[in-house]
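Written out below as structure tokens is the structure these notes cover.
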Amino acid sequence: MGGTVLNLTCELERLVVHIAGHVPEMCHIDPSRLLICITSTRGGGIRGTYAKIHPLRFHGGAKSIERQRGRHTYRSTMPSVTHRGNEILYVIYFLVPRFFDLSPREKLITIFHELFHISPVFDGDIRRFPGRNFAHGSSTRKFNAFMGTLVDAYLAEHGEQALPAFLDGTMTELRNRHHTIVGRRFRIPLIKTERC
């Protein structure tokens, strides 16, 4: 077993900063207003969700919205989250060990997938497509295929040798390489709903 400490959160943050600075489709992202976290998966294997994003604003960047339910009106308000003096607009979770058991390219596709969900105006809301499937557009498969195209262009420009070492290897292999593996854990922010 290696003698180093691997901080998964720091490694992911550095990679997101690089992506936001070098991929035109991600240039609207301010990494300082993202909170990158890890969370555990209950089951083994690589089937299931690998990552998830929690926007901290409603449609159009609104912090609160009102909805009518029957005779009553309810106001829902997003929680306020700050980190290092910045107001956070998005919390992104990577599921361990499932995410890290993907291939390096699939890991990158997953990271690009979550980042592409961020609104082009970076207002705390997600990117919205026309139609019922507003999160992924007309086809989730096409959405993911486009992420693969972006990843391949990124790799072609920067070279696979430039990829961070933590992307190369399964969770078991990372544990064999490092004495300790750590990462930020943060409880999912809850929306507050009250009757007006």
Side-chain angles (χ1 to χ4, degrees), residues 8-9 12-13 15-31 33-65 67 76-79 81 88-158 163 167 186-191 193:
L8 296 175
T9 302
L12 285 163
E13 286 176 340
L15 180 55
V16 167
V17 167
H18 192 267
I19 291 170
H22 293 84
V23 177
E25 292 81 358
M26 310 290 184
C27 67
H28 60 287
I29 295 172
D30 177 359
R33 302 191 73 183
L34 309 181
L35 189 66
I36 306 293
C37 307
I38 62 168
T39 187
S40 300
T41 53
R42 293 180 180 176
I46 60 169
R47 294 190 181 276
T49 302
Y50 308 117
K52 52 190 176 181
I53 186 167
H54 285 266
L56 295 180
R57 295 292 184 273
F58 294 106
H59 189 32
K63 191 170 178 65
S64 297
I65 59 170
R67 291 191 176 103
S76 296
T77 303
M78 286 288 188
V81 176
I88 298 301
L89 292 180
Y90 303 88
V91 183
I92 303 177
Y93 294 90
F94 291 91
L95 280 66
V96 177
R98 189 179 293 147
F99 168 78
F100 288 97
D101 287 343
L102 295 170
S103 70
R105 182 175 181 271
E106 289 170 326
K107 289 186 183 86
L108 273 177
I109 288 174
T110 300
I111 293 168
F112 273 61
H113 181 120
E114 299 309 319
L115 293 177
F116 200 73
H117 276 308
I118 294 172
S119 168
V121 296
F122 199 73
D123 60 358
D125 188 23
I126 64 168
R127 181 188 299 267
R128 293 176 181 266
F129 294 90
R132 293 180 62 185
N133 187 5
F134 62 86
H136 294 102
S138 60
S139 168
T140 301
R141 182 176 295 179
K142 288 181 181 178
F143 184 99
N144 286 327
F146 181 51
M147 294 307 102
T149 300
L150 293 181
V151 165
D152 291 340
Y154 178 73
L155 291 175
E157 181 176 352
H158 301 287
L163 285 177
L167 289 181
F186 183 76
R187 185 171 293 180
I188 294 173
L190 297 179
I191 299 171
T193 300

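Computed from heavy atoms alone, side chains included, the values below leave out hydrogens, waters and symmetry copies. Just so it is clear, the structure is predicted and the values come from calculations on it, not from any experiment.
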What's the shortest heavy-atom distance between [X] and [Y], and which atoms?
| X | Y | result |
| --- | --- | --- |
| S119 | Y90 | N-OH, 3.5 Å |
| E25 | F116 | CB-CE1, 4.2 Å |
| L167 | P104 | O-CG, 3.5 Å |
| P189 | P79 | CB-CG, 3.3 Å |
| P120 | R127 | CG-NH1, 3.4 Å |
| S76 | R67 | OG-NH1, 4.1 Å |

From [atom1] ([X]) to [atom2] ([Y]), nearest 0.5 Å:
| X | Y | atom1 | atom2 | value |
| --- | --- | --- | --- | --- |
| T149 | F112 | OG1 | CZ | 11.0 Å |
| F134 | I126 | CZ | CD1 | 5.0 Å |
| T77 | L190 | OG1 | CG | 13.0 Å |
| D123 | K63 | CG | NZ | 13.0 Å |
| I65 | M78 | CD1 | CE | 7.5 Å |
| E106 | H113 | CD | NE2 | 13.5 Å |

Quiz item: side chain to side chain contact (heavy atoms under 4.5 Å, CB included) between L102 and I109: does it pass, once the steps are laid out?
Solution: CA-CA 10 Å; L102 295 170; I109 288 174; over 6 Å; no
Exercise. Please say whether more than 12 non-hydrogen atoms of neighbouring residues, nucleotides or ligands are located less than 6.0 Å from NZ in K142.
Key: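 Count not over threshold, so no.
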Quiz item: Counting distance only, does the side-chain N/O of R57 pair as donor-acceptor with the main-chain N or O of L89 below 3.5 Å?
Solution: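 Pair absent, no side-chain N/O of R57 close to backbone of L89.
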Practice problem: Step by step, work out the side chain to side chain contact (heavy atoms under 4.5 Å, CB included) result for Y50 and E114. | Solution: CA-CA 10 Å; Y50 308 117; E114 299 309 319; over 6 Å; no
Exercise. Would you sort out whether V91 and I188 count as a side chain to side chain contact (heavy atoms under 4.5 Å, CB included), showing the intermediate values?
Key: CA-CA 8 Å; V91 183; I188 294 173; over 6 Å; no
Exercise. Give me the ring orientation class for H22 and H18: parallel if the planes are under 30° apart, tilted from 30 to 60°, perpendicular past 60°.
Key: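 The rings of H22 and H18 lie parallel, inter-plane angle below 30°.
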